[in-house]
Protein chains: 4
Amino acid sequence: MKIDPGSHVPIYLQIAAEIRSAVAAEVYRPGEALPSLRNMAIELQVNPNTVQRAYDELVRDGLIYPQRGKGLFVADQGTTSAQNGALDVVRKLFEEGVRAGRAAGVSADQMREIFAASIAAPANRGATSHDQ
Amino acid sequence: MKIDPGSHVPIYLQIAAEIRSAVAAEVYRPGEALPSLRNMAIELQVNPNTVQRAYDELVRDGLIYPQRGKGLFVADQGTTSAQNGALDVVRKLFEEGVRAGRAAGVSADQMREIFAASIAAPANRGATSHDQ
Amino acid sequence: MKIDPGSHVPIYLQIAAEIRSAVAAEVYRPGEALPSLRNMAIELQVNPNTVQRAYDELVRDGLIYPQRGKGLFVADQGTTSAQNGALDVVRKLFEEGVRAGRAAGVSADQMREIFAASIAAPANRGATSHDQ
Amino acid sequence: MKIDPGSHVPIYLQIAAEIRSAVAAEVYRPGEALPSLRNMAIELQVNPNTVQRAYDELVRDGLIYPQRGKGLFVADQGTTSAQNGALDVVRKLFEEGVRAGRAAGVSADQMREIFAASIAAPANRGATSHDQ
DNA sequence: GTGGTCTAGACCACA
DNA sequence: GTGGTCTAGACCACG
């Protein structure tokens, strides 16, 4: 789980997205507790408040829920909900790419080629950091 | 050419991107002049300063160049340069989508399916506005 | 007697309120003993410490009193005191509702209508959980 | 517009509720700008971050929307949406009061009496502060 | 120990 | 000037 402090995307959203992915990939399962705010903050080298904000985001989405004095837990529908969310993100990015390509006159075949290359590439450290 | 004032993407970058696309699609050809700063500002309903920043961006990229007292002109290599830039944008978005999908455990086949749907969809409504 | 762990209202206050209601409704009568701390904790599925705090609250109010080694007993004036307390709670909630309505420009007639609907509704599902 | 720092209700929620009321009562109308974060913070004697959080809440509700570098504006559906929200709040409080009364054995007639007294009382500084 | 709120003060991008 | 993010550090209630 890595954060890019130089990105234009706010850190707290990056964290939220990372956790969402982790929930979708069942790294954290429904009923399980997430790392505590403080531990997560130490691990990610950020301020606990920033992690808090990320967790807030997920709580509002209903992906996780807090239990007073105990911790934050993955909701029952968390896994499927996160998986659906992930599909949405993928779809949005692909659609945006297609849209941008079309606007610039890129042919559908060219785009298919680019996509094939993207998905064929090994997952070896992508860090494509779409923004900045 | 439309701007989304509600997006998280800065307006000046939206404008720059739009112009880049237009140059790539040869709406503006090398040697041609871009709309004047104030005309563009009026058309887009934004502050001239904002258009200025967009033009600055493109000048820095070498896509266009200013001619004292005359206006801004598309550079000779502008078209090809913008086209290459567009390919880069497309590639980045696709790679980002693939990366996000992988992190959430989405299979390659699922992603191929989503992509096929994206590229098959008619270009009617644009503005999928990936970011807010 | 049910507890909502997801509410913003502290569990120990929820418990205290429930017991207060029970005393007011004469489920527990003066001189009678309340369920033991640990039995109550088991029944409510909460930490005994939490029940303890609830009992503390009620002792402070003079609604119940402890008898060394025997348990907690409802005070002589417990029933009437709890009934008065309940009236206060009801009054406070109504006043708060009226105040909030007024601030938002809701007319008195509209509020009367809403109130009539509230009190006419059957007592089936409880737990309207005003707070989260 | 007044804040009670001693309440158990977080300040930022108090502020959000106050603004909601103000929007419902058309103190701020659709298209109008709210007081800036800093000005509001000064007026309420709280930290700008706290006001920010309150505004965030309202933005998420769609009651207001931010415009980069310009300010925060009341949304078109803001007034009606806030009015509906206010009715919900009133309803919830009344229902909660009725529920609490019933649980404690308060008769419907007694509650009607209490309600009548609440709504008959002049709006002269209520400050009934339902919580703490 | 946990999450939640608040302050103080800083820095940034945007218009 | 505006809103938005982040840090540092404090305090609180809860279990």
Side-chain angles (χ1 to χ4, degrees), chain A residues 3 5-15 33-41 44-56 58-59 64-73 132, chain B residues 5 7-15 41 45-54 132, chain C residues 3 5 7-15 41 44-54 132, chain D residues 3 5-15 33-41 44-56 58-59 64-73 132:
Chain A
I3 293 307
S7 165
H8 279 168
V9 178
I11 295 177
Y12 78 96
L13 287 182
Q14 293 184 46
I15 298 174
L34 258 47
S36 83
L37 284 181
R38 293 154 174 86
N39 285 345
M40 185 66 97
L44 297 177
Q45 304 267 46
V46 298
N47 189 293
N49 280 338
T50 305
V51 178
Q52 162 85 281
R53 239 182 128 174
Y55 280 13
D56 266 7
L58 301 170
V59 167
I64 63 181
Y65 61 89
Q67 211 156 337
R68 8 159 122 287
K70 290 220 210 141
L72 289 148
F73 298 82
Q132 160 61 310
Chain B
S7 163
H8 280 168
V9 179
I11 292 177
Y12 80 97
L13 286 181
Q14 292 183 46
I15 298 174
Q45 303 266 44
V46 297
N47 190 307
N49 285 342
T50 307
V51 178
Q52 173 71 277
R53 290 186 69 170
Q132 163 61 301
Chain C
I3 292 307
S7 163
H8 280 168
V9 179
I11 292 176
Y12 80 96
L13 287 182
Q14 293 184 46
I15 297 174
L44 297 176
Q45 303 267 43
V46 297
N47 190 308
N49 285 341
T50 307
V51 179
Q52 173 71 278
R53 290 187 69 170
Q132 160 62 307
Chain D
I3 292 307
S7 164
H8 280 168
V9 177
I11 295 176
Y12 78 96
L13 286 181
Q14 293 183 46
I15 298 174
L34 259 48
S36 82
L37 284 181
R38 292 157 173 85
N39 286 345
M40 183 67 96
L44 297 178
Q45 304 268 48
V46 298
N47 189 293
N49 281 337
T50 305
V51 178
Q52 162 85 281
R53 236 180 131 175
Y55 280 12
D56 265 8
L58 301 170
V59 168
I64 63 180
Y65 61 89
Q67 211 155 335
R68 6 159 123 289
K70 290 218 210 142
L72 288 149
F73 299 82
Q132 161 62 310

Practice task
Could you tell me whether A/Gln67 contacts a base, only the sugar-phosphate backbone, or nothing, with contacts defined as non-hydrogen atoms closer than 4.0 Å?
Solution key: nothing
Practice task
Flag the pair B/Val46 / B/Ile15 as yes when at least one side-chain heavy-atom distance between them is below 4.5 Å, and no otherwise.
Solution key: yes
Completion exercise
Under a 3.5 Å limit on both distances, the Watson-Crick or wobble mate of F/dA8 is E/dT7
Practice task
Whole angstrom is fine here: how far is it from CZ in D/Phe73 over to C1' in E/dA15?
Solution key: 11 Å
Practice task
Nearest whole angstrom, please: distance from the P of E/dC11 to the CD1 of A/Ile11.
Solution key: 16 Å
Handout entry: Nucleotide E/dT5, atom P - distance to CG of D/Asp56 in whole Å
Key = 13 Å
Handout entry: Side-chain donor or acceptor of D/Arg68 paired with backbone N/O of B/Ser7 under 3.5 Å
Key = yes
Problem - Side-chain donor/acceptor of A/Gln67 to backbone N/O of C/Pro5, under 3.5 Å - result: no
Exercise for the section: To the nearest Å, give me how far apart CD (A/Gln52) and P (F/dT7) are. Expected result: 14 Å
Exercise for the section: Could you grab the distance from atom CD1 of D/Ile11 to atom CZ of D/Arg53, nearest 0.5 Å is fine? Expected result: 11.0 Å
Exercise for the section: Ignoring backbone atoms, establish whether D/Arg68 has a side-chain N or O less than 4.0 Å from OP1 or OP2 of E/dA15. Expected result: yes
Problem - Integer-rounded Å distance: F/dT5 P and A/Leu13 CG - result: 7 Å
Problem - Interatomic distance where CD1 belongs to C/Ile3 and P belongs to F/dC14 [whole Å] - result: 13 Å
Handout entry: Any D/Thr50 side-chain N or O less than 4.0 Å from OP1/OP2 of E/dC6
Key = no
Fill in the blank from the handout: Whole-Å distance, D/Met40 CE to F/dG3 P, equals 10 Å
Practice task
Kindly indicate whether the side chain of D/Leu72, heavy atoms from C-beta on, has any atom under 4.5 Å from the side chain of D/Leu58.
Solution key: no
Handout entry: 5' precedence on DNA chain F between A/Tyr12 and A/Gly69 (nearest-nucleotide basis)
Key = A/Tyr12
Practice task
Measure distances between side-chain N and O atoms of D/Asn49 and base N and O atoms of E/dG9, and say whether any donor-acceptor pair falls under 3.5 Å.
Solution key: yes
Problem - Earlier contact from the 5' end, DNA chain F, for D/Gly71 and A/Val46 - result: D/Gly71
Fill in the blank from the handout: Whole-Å distance, C/His8 NE2 to F/dC12 P, equals 20 Å
Problem - Polar pair under 3.5 Å, donor/acceptor by atom type, side chain D/Arg38, base F/dG3 - result: yes
Exercise for the section: Report which part of the nucleic acid D/Tyr55 touches: base, sugar-phosphate, or nothing (heavy-atom distance under 4.0 Å, all strands). Expected result: nothing
Exercise for the section: Identify, between D/Pro10 and A/Lys70, the residue whose nearest nucleotide on DNA chain E lies closer to the 5' end. Expected result: A/Lys70
Completion exercise
Ranking D/Asn47 and B/Arg53 by the position along DNA chain E of their nearest nucleotide, the one closer to 5' is D/Asn47
